[in-house]
Amino acid sequence: QVQLVESGGGLAQAGGSLKLSCAASGSSVGYWDMAWFRQGIGKDREFVSAISWKSGSTYYEDSVKGRFTISKDRAISTVYLQMDSLEPQDTAVYYCAAGRIYRDYSRAANYDYWGQGTQVTVSS
């Protein structure tokens, strides 16, 4: 079992920044790939970014490339999402996810554990 707890959401103005954190705990945390997904009102859950826990390779959805940065601190089993140049369309509930990914990091069904989500609201 893996428990994920997100924090850092809130309200930001367009062009501003927020940093999300996801603290992982439980069995074999060091062997899980981690990702962020988001879900806006009336929208499907969509992939934002992922990081391989073993190699550190990172993956991004096209609309956030160059604006968001995913990183990890292995020592405290925490993954971060630095969000810069925020846009109103980034408004959503952001979810942290963990899984052992072999092929498609962007597929939500490939992840086994999910956090409760944290709200990000960007005003124009």
For this session: Establish, yes or no, whether a centroid distance under 6.0 Å links the rings of Trp36 and Phe68.
Result: no
Please tell me whether [X] and [Y] are part of a single hydrophobic cluster in this structure, the criterion being side-chain heavy atoms less than 4.5 Å apart.
{"X": "Tyr59", "Y": "Trp114", "value": "yes"}
{"X": "Val122", "Y": "Tyr95", "value": "no"}
{"X": "Tyr111", "Y": "Val48", "value": "no"}
{"X": "Phe37", "Y": "Trp32", "value": "no"}
{"X": "Phe47", "Y": "Val79", "value": "no"}

In Å, rounded to the nearest 0.5 Å, how long is the span from [atom1] of [X] to [atom2] of [Y]?
{"X": "Leu86", "Y": "Thr91", "atom1": "CG", "atom2": "OG1", "value": "8.5 Å"}
{"X": "Ser49", "Y": "Tyr105", "atom1": "OG", "atom2": "OH", "value": "11.5 Å"}
{"X": "Leu20", "Y": "Cys96", "atom1": "CG", "atom2": "SG", "value": "9.5 Å"}
{"X": "Glu87", "Y": "Ser124", "atom1": "CD", "atom2": "OG", "value": "12.0 Å"}
{"X": "Ser71", "Y": "Ile51", "atom1": "OG", "atom2": "CD1", "value": "6.5 Å"}
{"X": "Met34", "Y": "Ile101", "atom1": "CE", "atom2": "CD1", "value": "10.5 Å"}

For this session: Flag this pair as yes if the NZ/CZ of Arg100 is under 6.0 angstrom from the six-membered ring centre of Trp53 and inside a 45 degree cone about the axis; otherwise no.
Result: no
Exercise. Think Lys19 forms a cation-pi with Tyr80, using NZ or CZ under 6.0 Å from the six-ring centre and within 45 degrees of its axis?
Worked result: yes
Exercise. Just wondering, do Gln39 and Tyr94 contact through their side chains at under 4.5 Å, heavy atoms?
Worked result: no
For this session: Answer whether the closest heavy-atom distance between the side chains of Arg38 and Val64 falls below 4.5 Å.
Result: yes
For this session: Taking Gln82 for its side chain and Ile70 for its backbone only, find out whether a donor-acceptor pair lies under 3.5 Å.
Result: no
Looking only at heavy atoms, which two atoms of [X] and [Y] are closest? And how far apart?
{"X": "Leu4", "Y": "Ala24", "answer": "CD2-CB, 3.7 Å"}
{"X": "Ser17", "Y": "Asp84", "answer": "OG-OD1, 2.7 Å"}
{"X": "Ala98", "Y": "Val2", "answer": "CB-CG1, 4.5 Å"}

For this session: For atom CD1 of Ile41, decide whether the heavy atoms of other residues, nucleotides or ligands shown that lie under 6.0 angstrom number more than 12.
Result: no
For this session: Count the heavy atoms belonging to other residues, nucleotides or ligands that lie under 6.0 Å from CD of Gln13, then report whether that count exceeds 12.
Result: no
For this session: Please determine, by modelled atom types, if Thr78 and Asp73 share a side-chain donor-acceptor pair under 3.5 angstrom.
Result: no
Exercise. Would you call Asp90 and Arg67 a salt bridge, using N to O less than 4.0 angstrom?
Worked result: yes
For this session: Report the C-alpha distance between Asp104 and Asn110 in whole Å, list the side-chain angles of each, state the deciding distance to 0.1 Å, and finish with yes or no for side-chain contact (heavy atoms from CB on, under 4.5 Å).
Result: CA-CA 8 Å; Asp104 187 354; Asn110 288 344; 3.9 Å; yes
Exercise. By side chain to side chain donor-acceptor pair (under 3.5 Å), which residues pair with Ser123, not counting sequence neighbours?
Worked result: none
